[in-house]
Asker: 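Right, I'll just put the structure down here and ask away after.
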Amino acid sequence: MNNTSPTESDIASSEQLKHLVLHIAPTPFFADRGCHIRIEGVANCLADLGFDSLVCTYHHGRDIDGVRTSRISSIKNYTKTEAGPSKYKLWADWKLLWLVIKEIRKHNPSVIHAHLHEGLMIALVAKLILFWRRIPLVADMQGSLVGELETHGSFKKFPWLKWLIKLIERILMRFAKTIVCSSAHSLEKIKSEFSLSDTKISLVQDGASTPNPLDSSKRAALLEQWSLPKDKSIVVYSGALLASKGLDQLQSVLVQAKSIDDVHFLIIGYPIESLASFVDQHGLGDRCTLTGQVPFEELPDLLQLAELAIDPKLSDAGEGSGKMLNYLACGLAVLAFDTQNNRDFLPNEAPLAADSTQMFEQLAALLDEPETIDRLGNQNFEHFQAHYSWQYTAKQLDKVYSALNHTG
């Protein structure tokens with residue numbers, strides 16, 4: 001992992017004033033998901049650098065203070081906000097294309113910042129239609145498209161699609177002016193897979209904000225609000241409750257942890273139907289609290305109720321991990337699997353597991369060693385402050401956007 005910080009003067013080097021960046025977000029922004037947190041964070045970083053941002057996105061999701069949005073017209077019955085495929089997405093992306101074209105014609109943005117591979121494809125079509133405008137394009141990749149689709153099982157029935165999608169991904173990468181990646185692992189993965197030069201691709205990593213400390217009265221109120229036990233250690237998970245995000249591994253740890261009396265799991269995320277059924281089937285109702293979807297603004301307070309956090313994602317498609325950064329920002333000890341992404345995000349001494357059985361064994365051992373939990377949590381917080389604040393991300397973005405100015 002490259003931990004070389006940009007210099008303090010880098011952030012002031014941009015010569016742009018209040019030029020508009022048009023973001024393409026093919027997702028129901030904002031719906032308390034990791035990629036949405038990144039989009040908001042990037043827009044806020046650009047604001048600190050003197051840019052206006054306009055996010056073109058789907059009709060659903062909620063507006064965020066300080067981030068201007070333009071939405072497609074409503075699609076009947078398309079209300080899904082969680083990650084994963086939907087039969088409505090092609091129609092939503094078609095509408096998003098024409099919304100983007102309208103906003104480009106109206107505002108003549110200085111830069112198009114395309115999030116995710118779908119956003120990049122929409123951006124390229126829009127640029128072809130409005131070819132005379134020659135607007136520079138930044139592709140914001142949060143992982144490998146092939147890797148993500150494999151995680152969702154998209155190639156099981158049609159394995160030949162993997163070759164086709166990789167070809168499309170290669171073509172998309174060629175047409176971006178510059179590519180930014182959300183993690184060191186995604187950068188190396190994409191750079192090696194598509195033979196990209198260092199001048200073509202840069203690290204603009206995910207970030208997080210340091211939360212306000214949780215005082216004793218608010219802690220007590222939250223414990224009561226969510227009916228959480230005051231006399232047990234709380235282990236937290238936050239994120240999508242999907243197989244691609246490690247739901248099977250999380251469930252395995254929950255079942256094994258029935259042998260520990262003094263632990264309670266706080267599980268923040270959605271969709272909850274599958275996990276709620278599992279919890280009921282295995283008699284885990286008194287050991288688990290499922291919050292469902294929680295506004296991102298409330299997440300830091302809930303995380304600070306816990307002693308330990310868990311990231312059960314075993315796949316390694318290369319995307320960043322918003323949940324991991326928020327765990328670190330809250331000073332939590334973290335249990336995670338031994339993947340390249342987790343080795344990049346966590347300090348060297350962090351415990352990493354080979355499988356869910358070893359993760360449970362690490363959990364059981366740590367619960368008997370509160371001083372080790374405190375030490376790991378302090379190390380994680382120091383690591384976060386050194387490498388993962390949004391201020392650090394803003395410095396990286398400034399280098400990318402300044403290079404756009406110099407190259408036209």
Side-chain angles (χ1 to χ4, degrees), residues 1-8 10-12 30 32-49 64-67 142 182-184 203-223 234-239 266 268-269 291 294-311 319-336 341-342 344-350 373-398:
M1 177 179 177
N2 182 5
N3 286 328
T4 303
S5 299
T7 64
E8 292 299 324
D10 288 338
I11 198 166
F30 186 89
D32 307 295
R33 285 164 41 188
C35 71
H36 298 182
I37 295 165
R38 175 171 176 83
I39 294 167
E40 180 192 11
V42 167
N44 288 334
C45 288
L46 287 171
D48 291 340
L49 296 172
I64 294 291
D65 289 342
V67 180
Q142 297 184 28
S182 61
S183 73
L203 176 62
V204 175
Q205 64 194 30
D206 283 336
S209 300
T210 304
N212 295 322
L214 193 62
D215 60 43
S216 57
S217 60
K218 191 167 187 179
R219 178 183 177 85
L222 285 171
L223 290 172
I234 295 177
V235 177
V236 69
Y237 167 80
S238 69
L266 173 61
I268 307 165
T291 68
V294 169
F296 178 67
E297 301 88 331
E298 299 176 15
L299 178 63
D301 286 346
L302 288 177
L303 292 180
Q304 290 180 82
L305 298 175
E307 286 80 33
L308 276 164
I310 184 171
D311 185 349
E319 69 268 27
S321 178
K323 71 170 66 64
M324 185 72 77
L325 294 181
N326 286 289
Y327 293 164
L328 301 184
C330 290
L332 294 173
V334 177
L335 293 174
N341 234 25
N342 291 335
D344 287 342
F345 273 108
L346 292 166
N348 292 333
E349 294 185 28
I373 293 177
D374 290 341
R375 177 175 57 80
L376 291 173
N378 289 334
Q379 287 177 349
N380 286 346
F381 182 67
E382 291 171 2
H383 188 67
F384 164 79
Q385 286 186 309
H387 306 299
Y388 290 110
S389 69
W390 283 121
Q391 288 79 10
Y392 188 98
T393 306
K395 296 171 186 176
Q396 295 173 322
L397 264 176
D398 186 64

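Predicted model only: the values in this text are computed from it and were never measured.
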Asker: Taking side-chain hydrogen bond (donor to acceptor under 3.5 Å, both in side chains) as the test, write out the residues that go with E349, two or more places apart.
Answerer: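 So E349 forms a side-chain hydrogen bond (donor to acceptor under 3.5 Å, both in side chains) with R375, Q379.
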Asker: Taking all heavy atoms of S182 and all of L203, pick out the closest pair and write down the distance.
Answerer: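 Closest heavy-atom pair between S182 and L203: C-CD1, 4.3 Å.
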Asker: Show the nearest heavy-atom pair for residues A329 and P211, with the distance to one decimal.
Answerer: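 Shortest heavy-atom contact: O-CD, 3.3 Å.
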Asker: Answer yes or no: are there more than 12 heavy-atom neighbours, outside D215 itself, under 6.0 Å from its atom CG?
Answerer: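 Buried by this count: over 12 neighbours within 6.0 Å.
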Asker: How many angstroms lie between atom CD1 of I268 and atom CG of L305, to the nearest 0.5 angstrom?
Answerer: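 Spacing of CD1 (I268) from CG (L305) equals 8.0 Å.
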Asker: What distance do Y237 atom OH and K323 atom NZ have between them, rounded to the nearest 0.5 Å?
Answerer: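 With rounding to 0.5 Å, OH (Y237) is 4.0 Å from NZ (K323).
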Asker: Any chance you could measure L302, atom CG, to N326, atom CG, to the nearest 0.5 Å?
Answerer: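 The CG atom of L302 sits 12.0 Å away from the CG atom of N326.
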Asker: Check whether any side-chain N or O of D206 sits under 3.5 Å from a backbone N or O of R38 as a donor-acceptor pair, and report yes or no.
Answerer: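 Flag not set: sc D206 to bb R38 has no pair under 3.5 Å.
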Asker: Could you work out, with salt bridge (charged side-chain N to carboxylate O under 4.0 Å, His left out) as the rule, every residue matching R33, not counting sequence neighbours?
Answerer: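 None.
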Asker: Walk me through whether I37 and L325 qualify under side-chain contact (heavy atoms from CB on, under 4.5 Å).
Answerer: CA-CA 11 Å; I37 295 165; L325 294 181; over 6 Å; no
Asker: Tell me whether Q205 contacts the main-chain N or O of S183 through its side chain, where contact means a donor paired with an acceptor under 3.5 Å.
Answerer: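 Flag not set: sc Q205 to bb S183 has no pair under 3.5 Å.
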Asker: State whether the side chain of D398 and the backbone N or O of A394 hold a donor-acceptor pair below 3.5 Å, judged by distance alone.
Answerer: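 Judged by distance alone, no pair lies under 3.5 Å.
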Asker: Just verifying a value: how many Å separate M324 CE and S238 OG, rounded to the nearest 0.5 Å?
Answerer: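 Reported value, rounded in 0.5 Å steps: 10.0 Å.
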Asker: List in chain and number order the residues that pass side-chain hydrogen bond (donor to acceptor under 3.5 Å, both in side chains) with D32, two or more places apart in sequence or in another chain; answer none if no residue qualifies.
Answerer: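 Partners of D32 by the side-chain hydrogen bond (donor to acceptor under 3.5 Å, both in side chains) criterion, ordered by chain and then number, come out as R62, Q293.
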Asker: Measure up the H36 and F30 rings against each other and bin them: parallel (under 30°), tilted (30 to 60°), perpendicular (over 60°).
Answerer: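 Answer is tilted, since the angle falls between 30° and 60°.
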Asker: First locate atom CG of L397, then atom NZ of K395, and finally report the distance between them rounded to the nearest 0.5 Å.
Answerer: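 Result: 13.0 Å between the selected atoms.
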Asker: Rounded to the nearest 0.5 Å, how far apart are CD of Q385 and OG1 of T210?
Answerer: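 Rounded to the nearest 0.5 Å, the CD-OG1 separation comes out at 5.5 Å.
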Asker: Any side-chain to backbone donor/acceptor pair from Y327 onto I310? Under 3.5 Å, distance only.
Answerer: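 Between the backbone of I310 and the side chain of Y327 there is a qualifying donor-acceptor contact (under 3.5 Å).
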Asker: With a 3.5 Å distance limit and no angle check, can you tell me whether H387 reaches the backbone of F345 through a side-chain donor-acceptor pair?
Answerer: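 It does not hold such a pair.
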Asker: Which atom names give the shortest non-hydrogen contact between A333 and I373, and what distance separates them?
Answerer: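 Smallest interatomic distance, heavy atoms only, reads CB-O, 3.7 Å.
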Asker: Would you sort out whether V235 and E307 count as a side-chain contact (heavy atoms from CB on, under 4.5 Å), showing the intermediate values?
Answerer: CA-CA 6 Å; V235 177; E307 286 80 33; over 6 Å; no
Asker: Hey, is the main chain of N212 close enough, under 3.5 Å, to the side chain of Q304 for a donor-acceptor pair?
Answerer: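 It does hold such a pair.
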Asker: Mind checking what makes side-chain hydrogen bond (donor to acceptor under 3.5 Å, both in side chains) contact with N44, not counting sequence neighbours?
Answerer: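 N44 satisfies side-chain hydrogen bond (donor to acceptor under 3.5 Å, both in side chains) with no other residue.
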Asker: Does anything in residues 378-393 pair up under salt bridge (Lys or Arg N to Asp or Glu O under 4.0 Å), and if so which pairs, sequence neighbours excluded?
Answerer: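 Qualifying pairs, neighbours excluded: none.
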Asker: Taking the side chain as every heavy atom from C-beta outward, state whether T291 and L266 have any atom pair closer than 4.5 Å.
Answerer: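 They are in contact (side-chain heavy atoms under 4.5 Å apart), so the answer is yes.
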Asker: Please enumerate all residues that pass side-chain hydrogen bond (donor to acceptor under 3.5 Å, both in side chains) together with S216, with sequence neighbours excluded.
Answerer: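 Expected list: none.
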Asker: What is the minimum heavy-atom distance between S209 and W390, and which atoms define it?
Answerer: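 Heavy atoms only, the tightest pair is OG-CD1, 3.4 Å.
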